[in-house]
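Nothing here was measured: the structure is a model prediction, and the numbers come from that model.
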Amino acid sequence: TTDPNTDKDGSLCNIVAISAGANHALALAADGTVYAWGDGTQGQLGVVADNLASGSDRDNDGNTYNFHYSSSPVVVEMGDRKTGTEPLKGIVSISAGGSVSVALSYEGCVYTWGDNRRGQLGQNLKPTEGDNNENFYKDTAQRVETAQMFDKTAANRNFPQNNGYLAIAAGGQGGTA
């Protein structure tokens, strides 16, 4: 299928917002689709890591480590490996942090993905020790269920120029709405 947010050369178009993290970037298209590229090792691209390119490098101490990445934009997905994924849609605001990404939907829902080793995704997941813990990283967008839903009616009264939506932000290791 043809992506409506790319031109004939495959370059992104219809982009209304961008955000850069430590080693990844996000772009928001006018239709609410989110794109990501760069380092996806900790899930911050919102794509199952098995679907990304991989490589290895050495750190400053000479230790070898593996990483996952995409050098071209990929569509951020929601869902999980077990039940399947689909493109994250209906997004009005994005923010890329150090190794996390956050998005705000038209309905006022917050979605997060990426590094969760310190619980920064806000998904009430409890990371534990061990490299294979599935709660360490979430490589697809997950809805933050424990947060109170954003009251866009009240926000629309106070900020009518924003259609009731304010903003989201991601810091070095976390995000907030």
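Counting non-hydrogen atoms of neighbouring residues, nucleotides and ligands closer than 6.0 angstrom, the CG atom of Asp9 exceeds 12 such neighbours.
Every pair passing salt bridge (Lys or Arg N to Asp or Glu O under 4.0 Å) that includes a residue from residues 33-60 is listed here, sequence neighbours excluded: Asp50-Arg81. Pairs engaging residues 91-104 under the salt bridge (Lys or Arg N to Asp or Glu O under 4.0 Å) rule: none recorded [sequence neighbours left out]. Pairs passing the ring pair (Phe, Tyr, Trp, His ring centres under 6.0 Å) check and including a residue from residues 24-68, sequence neighbours excluded, read Phe67-Tyr69. Pairs engaging residues 64-76 under the salt bridge (Lys or Arg N to Asp or Glu O under 4.0 Å) rule: none recorded [sequence neighbours left out].
The two residues Gly43 and Trp113 come nearest to each other via the heavy atoms O-CD1, 3.2 Å. For the residue pair Ile94 and Ile91, the shortest heavy atom distance occurs at CG2-CG2, 3.9 Å. Closest of all the heavy-atom pairs between Thr85 and Gly79 is CG2-C, 4.2 Å. What you find for Ala27 and Leu12 is that their closest heavy atoms are CB-CD1, 4.1 Å. Between Gly98 and Ala22, the closest heavy-atom pair is O-CB, 3.4 Å. Closest of all the heavy-atom pairs between Gln44 and Ser99 is CB-O, 3.6 Å.
Screening Arg143, Met78, Gln142 for a side-chain contact (heavy atoms from CB on, under 4.5 Å) with Leu88, the sole residue that qualifies is Met78. When each of Asn116, Asp115, Thr41 is paired with Tyr137, the side-chain contact (heavy atoms from CB on, under 4.5 Å) condition holds for Asp115 and for no other.
Judged purely by atom type and a 3.5 angstrom limit, Ser95 has no side-chain atom pairing as donor or acceptor with the backbone of Val102.
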*Can Lys89 and Thr33 be said to form a side-chain contact (heavy atoms from CB on, under 4.5 Å), step by step?*
CA-CA 5 Å; Lys89 297 280 191 179; Thr33 303; 3.1 Å; yes
_Determine whether Val100 and Leu121 satisfy the following criterion, side-chain contact (heavy atoms from CB on, under 4.5 Å), listing intermediate values before the conclusion._
CA-CA 8 Å; Val100 299; Leu121 296 183; 4.0 Å; yes
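Cluster membership check: Val16 does not share its hydrophobic cluster with Val75, using side-chain heavy-atom separations under 4.5 Å among Ile, Leu, Val, Met, Phe, Trp and Tyr.
The CD atom of Glu77 sits 8.5 Å away from atom CG of Asp139, with the distance rounded to the nearest 0.5 Å. A distance of 4.0 Å separates OG in Ser101 from CG in Leu26, rounded to the nearest 0.5 Å.
Grouping Ile, Leu, Val, Met, Phe, Trp and Tyr by side-chain contacts under 4.5 Å, direct or through others, puts Leu52 with Leu45, Val47, Val74.
Residues meeting the side-chain hydrogen bond (donor to acceptor under 3.5 Å, both in side chains) test with Ser56, sequence neighbours left out: none.
Under the 4.5 Å side-chain criterion, counting only non-hydrogen atoms from C-beta, Val48 is in contact with Thr140.
Using a 3.5 Å distance cut-off with no hydrogens or angles, the side chains of Asn14 and Asp31 do not pair a donor with an acceptor.
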